Trainee: 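Please read through the structure below; I'll follow up with questions.
Chain A is the first sequence line, chain B the second, and so forth, proteins listed ahead of strands; every chain is numbered from 1. Treat the numbers as computed from the prediction; the structure is a model and nothing was measured.
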There are 2 protein chains.
Amino acid sequence: MGKVTLFDVAERAGVSYGTVSRALNGRWDVNAETAARVRRVADEMGYQPSHAAVALARQRTDLIGVVFPAVTAGFYAELLSAISDEALRMGKHILTVVAASDDDAREQLLSFATGRRVDSLVVMNLGLDDVFIESIARRGLPLVQLDRPTTLKGVSSLVIDNAAGMEQLVDHLVAVRRHRHVVVVGGPHGTYDAEERLDACRNALLERGIALSDEDVLPGDFTERAGAAAVASWLKAGRAMPDAWMALNDATALGVLQALKEQGIRVPEDTAVTGFDDIYTARFVGLTTVEVPLGEIGAAAVRFAVGERVQGHMRFAPRLVVRETCGRSSA
Amino acid sequence: MGKVTLFDVAERAGVSYGTVSRALNGRWDVNAETAARVRRVADEMGYQPSHAAVALARQRTDLIGVVFPAVTAGFYAELLSAISDEALRMGKHILTVVAASDDDAREQLLSFATGRRVDSLVVMNLGLDDVFIESIARRGLPLVQLDRPTTLKGVSSLVIDNAAGMEQLVDHLVAVRRHRHVVVVGGPHGTYDAEERLDACRNALLERGIALSDEDVLPGDFTERAGAAAVASWLKAGRAMPDAWMALNDATALGVLQALKEQGIRVPEDTAVTGFDDIYTARFVGLTTVEVPLGEIGAAAVRFAVGERVQGHMRFAPRLVVRETCGRSSA
DNA sequence: CTGTTAGCGCATTCAC
DNA sequence: GTGAATGCGCTAACAG
């Protein structure tokens, strides 16, 4: 119950509390014997430094702010787990904010920056523009961005190698059977991942001799609903079922699959479906997709967040996960 | 860039910084005019109080520690979202720890308690015994437990009304078609939810004239693997396919469904399957289950965590979600 | 109502 | 090596 302070330990150990501070922080200029004794006493008394006091004195909170949007909370579970893990390993903690809206996110980030609430920030998919990002980075907080590459000063970025992922998917598609006509369901306009995936997809297909016409690219927003809507609109337009549906993320693919199923269209017999991300649900619907190494990304994010090297960039390659929605290679 | 302090504001506003503190904290004993001016100046200067200093002076961190196990991280996404939301609304923040193991969790909790890292704690499914829980609650931190009821002093508990959930499930099962033989796949031994659900299930079935023999209760641990294993062992034992499989949580049900599918056993034609929780994946496999109001629970958790009323108990009723795994009522 | 004065618990110069 | 003295930025109790 009694909160043990540095002072208490000092008294009990028969030294001044300055010495205790040094001993406990493992500094070189302390008599080894004294240090050992102090350490023992502190241990016996169950001493734990007050984070608030340390933070105030040292101007450092040991807190990493992690901000992500509510809509896709499930997707970030593994990432959060990895971040928390690595943070603990480094003696830091995670202050999580699930932002209900992009505006909320901005407000929180701003408050974090000026209020010195955290030491560094990890953000993702919040629709933040460079001007804003920079304005907060300039406040001195190292910032790690997980949704797109950046060259801003003081901000690091960890991104997915979307092209590599798409190529694996297309390779698999053509390897497994002949595909002449594929349609893709896109993601939110203006977001890096959505656009890069679309481009990569288009290129990869073209290399295999499959052209993507404008009508073959359906609008989407990375949600299941958009996937289902895409199928519905396609059917309503009376167009022939394509050989494959390529969704730019798994959530969309799930929507596509569900809509297809409701229409009695069999997968993979009548058409194929691919996703991107390999979320938890994917395996239960047999979705063929590419797995994004969230664990590695999370760990790297923390390292960049706490690292002295305030700036860095990494690209993570996804890995193909073959399940049933494209059929199995007969090769 | 320049960190604005109370002192700066005071100087600029021409008052002492004690007054600024009072004005900004909206205390009654300040001249309305002065307060307004101070507030305006603070605003202009972009003043933000230093959390560390406030925490130290006020002995309060405005932080709620949320600790949950990594294994089921996905399940907590919505809960975390709700908690974060309500916390923000109350001017608090969430310090999230995804504990890799129960031992990690204990260590963190202990450190939180003695190090005054957070003001209160929300914990769930960490395999913590009462002795431990009490030892940390006694340290003065309000504790909200989300996995089982408790009568410990200083700790609140929010639990699911498992009996209500099971009854709805069983009701649905018998309403939709005749069921004579049902088998259930259990959860981790010794956990409240697992045991209460099993009891409730047994009772609910008995009331409808369906008895559960010992062989009809398969061991499990709330994972997909356990669900699949249960089916496998059942089949290996050469026993006849039951009319229904009741899994005590959704993850288990997913495993059951998958194993069944691999064996070519159709659902719901050949047998029915039920779950519990209504996780995100459930809808994509058409799982009939009960939905746990995670949003409400999360919000309530925060309220208990920050509330002056340090102790409280609530029970949340799940809601039946009918999909396909039991067939549709022909009524 | 407002200015002054102690702490809050610790890190970190300085002297000794 | 170790003790004493400052300061981190703010709250709160105290005088005026």
Side-chain angles (χ1 to χ4, degrees), chain A residues 2-39 41-42 45-63 91 111-119 140, chain B residues 2-39 41-42 45-63 91 111-119 140:
Chain A
K3 35 194 68 173
V4 188
T5 76
L6 253 195
F7 193 81
D8 300 327
V9 177
E11 190 172 56
R12 187 101 141 61
V15 292
S16 83
Y17 73 91
T19 303
V20 177
S21 173
R22 278 168 290 210
L24 261 32
N25 285 336
R27 292 177 59 143
W28 67 102
D29 55 351
V30 266
N31 183 308
E33 195 177 312
T34 311
R37 181 160 45 89
V38 167
R39 206 135 36 207
V41 172
M45 304 180 71
Y47 168 74
Q48 284 280 122
S50 153
H51 268 277
V54 174
L56 183 56
R58 196 181 275 176
Q59 298 291 68
R60 178 154 71 61
T61 66
D62 287 333
L63 236 36
S111 144
F112 280 179
T114 62
R116 288 136 289 173
R117 190 75 178 96
V118 299
D119 293 339
Chain B
K3 36 194 66 174
V4 188
T5 75
L6 253 196
F7 192 81
D8 300 327
V9 177
E11 189 171 58
R12 187 102 141 60
V15 293
S16 81
Y17 71 93
T19 303
V20 177
S21 172
R22 278 167 292 211
L24 261 33
N25 286 336
R27 293 178 56 145
W28 67 102
D29 53 353
V30 265
N31 182 308
E33 197 177 309
T34 310
R37 181 160 43 88
V38 167
R39 207 135 35 206
V41 172
M45 304 180 71
Y47 168 76
Q48 284 280 123
S50 154
H51 269 277
V54 175
L56 183 56
R58 195 182 277 177
Q59 298 289 67
R60 179 152 72 62
T61 66
D62 287 334
L63 236 36
S111 144
F112 280 0
T114 63
R116 288 136 289 173
R117 190 73 178 99
V118 300
D119 293 339

Trainee: B/Leu6 CG to D/dC8 C1': how many Å, rounded?
Mentor: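 After rounding, the gap between these two atoms is 13 Å.
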Trainee: With respect to the phosphate group of D/dG9, does any side-chain polar atom (N or O) of A/Gln59 fall under 4.0 Å of OP1 or OP2?
Mentor: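 Yes, such a contact exists.
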Trainee: Please check if the side chain of B/Asn25 supplies one atom and the backbone of B/Arg27 the other of a donor-acceptor pair under 3.5 Å.
Mentor: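 Here the side-chain-to-backbone pair does not exist.
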Trainee: Write down the distance between CG (B/Asp29) and C1' (D/dT11), rounded to a whole number of angstrom.
Mentor: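 Nearest whole value for this atom pair: 13 Å.
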Trainee: Is there a donor-acceptor contact under 3.5 Å from the side chain of B/Asp119 to the main chain of B/Arg60?
Mentor: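 No; zero donor-acceptor contacts below 3.5 Å.
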Trainee: Using a cut-off of less than 4.0 Å, is there contact between a side-chain N or O of B/Thr19 and OP1 or OP2 of C/dG3?
Mentor: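 So the side chain of B/Thr19 is within the cut-off, an N or O lying under 4.0 Å from OP1 or OP2 of C/dG3.
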Trainee: Minimum heavy-atom separation for B/Met45 to B/Val9, with atom names?
Mentor: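 For B/Met45 and B/Val9, the tightest heavy-atom pair comes out as SD-CA, 3.9 Å.
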Trainee: Heavy atoms from C-beta onward define the side chain here; which of D/dG9, C/dC10, D/dC10 lies closest to that of B/Pro49?
Mentor: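 The closest nucleotide is D/dC10.
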Trainee: Do the side-chain N or O atoms of A/Ser50 get closer than 4.0 angstrom to the phosphate oxygens (OP1, OP2) of C/dC8?
Mentor: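 So the side-chain polar atoms of A/Ser50 never come under 4.0 Å of the phosphate oxygens OP1 or OP2 of C/dC8.
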Trainee: A/Tyr17 side chain N/O closer than 4.0 Å to the phosphate oxygens (OP1, OP2) of D/dA5?
Mentor: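 The answer is no; no side-chain N or O of A/Tyr17 sits under 4.0 Å from OP1 or OP2.
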Trainee: Has B/Thr34 got a side-chain N or O lying under 4.0 Å from the OP1 or OP2 atom of C/dC1?
Mentor: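 Answer is no, no contact under 4.0 Å.
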Trainee: How is B/Asn31 classified with respect to the nucleic acid when contacts are heavy atoms under 4.0 Å: base, sugar-phosphate, or nothing?
Mentor: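 The answer is sugar-phosphate, as B/Asn31 gets under 4.0 Å only of primed atoms, P, OP1 or OP2.
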Trainee: Looking only at the side chain of B/Lys3 (C-beta and beyond, no hydrogens), which of the listed nucleotides D/dG9, C/dT5, D/dG7 gets closest?
Mentor: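 Comparing D/dG9, C/dT5, D/dG7 against the side chain of B/Lys3, the answer is D/dG9.
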Trainee: Looking at B/Arg22 and C/dG3, is any side-chain donor or acceptor paired with a base atom of the opposite kind under 3.5 Å?
Mentor: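 It does, because a donor-acceptor pair links the side chain of B/Arg22 to the base of C/dG3 below 3.5 Å.
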Trainee: Using OP1 and OP2 only, check whether a side-chain N or O of A/Ser21 sits under 4.0 Å from C/dA11.
Mentor: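 Yes.
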Trainee: Where the side chain of A/Arg58 is concerned, which of D/dC8, C/dT12, C/dC8 is the nearest nucleotide?
Mentor: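 Closest nucleotide to the A/Arg58 side chain: C/dT12.
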Trainee: Grab the CG-P distance between A/Leu56 and D/dT6 for me, whole Å please.
Mentor: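 In whole Å, D/dT6 P lies 18 Å from A/Leu56 CG.
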Trainee: Is B/Ser16 close enough to C/dT4 that one of its side-chain N or O atoms is under 4.0 Å from OP1 or OP2 there?
Mentor: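 B/Ser16 to C/dT4 OP1/OP2: no side-chain N or O under 4.0 Å.
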Trainee: I want to verify a distance call: between D/dG9, C/dC10, C/dT2, whose nearest atom is closest to the B/Val30 side chain?
Mentor: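 Nearest nucleotide to the side chain: C/dT2.
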Trainee: Mind listing the closest non-hydrogen atom pair of A/Gln59 and A/Leu56 along with its distance?
Mentor: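 The answer is OE1-O, 3.2 Å.
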Trainee: May I ask you to evaluate whether A/Arg27 reaches the phosphate of C/dT12, defined as a side-chain N or O under 4.0 Å from OP1 or OP2?
Mentor: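 So the side-chain polar atoms of A/Arg27 do come within 4.0 Å of the phosphate oxygens OP1 or OP2 of C/dT12, strictly under.
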Trainee: Heavy atoms, side chains only, cut-off 4.5 Å: are A/Arg116 and B/His51 in contact?
Mentor: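 A side-chain contact is absent here, since even the closest heavy-atom pair is not under 4.5 Å.
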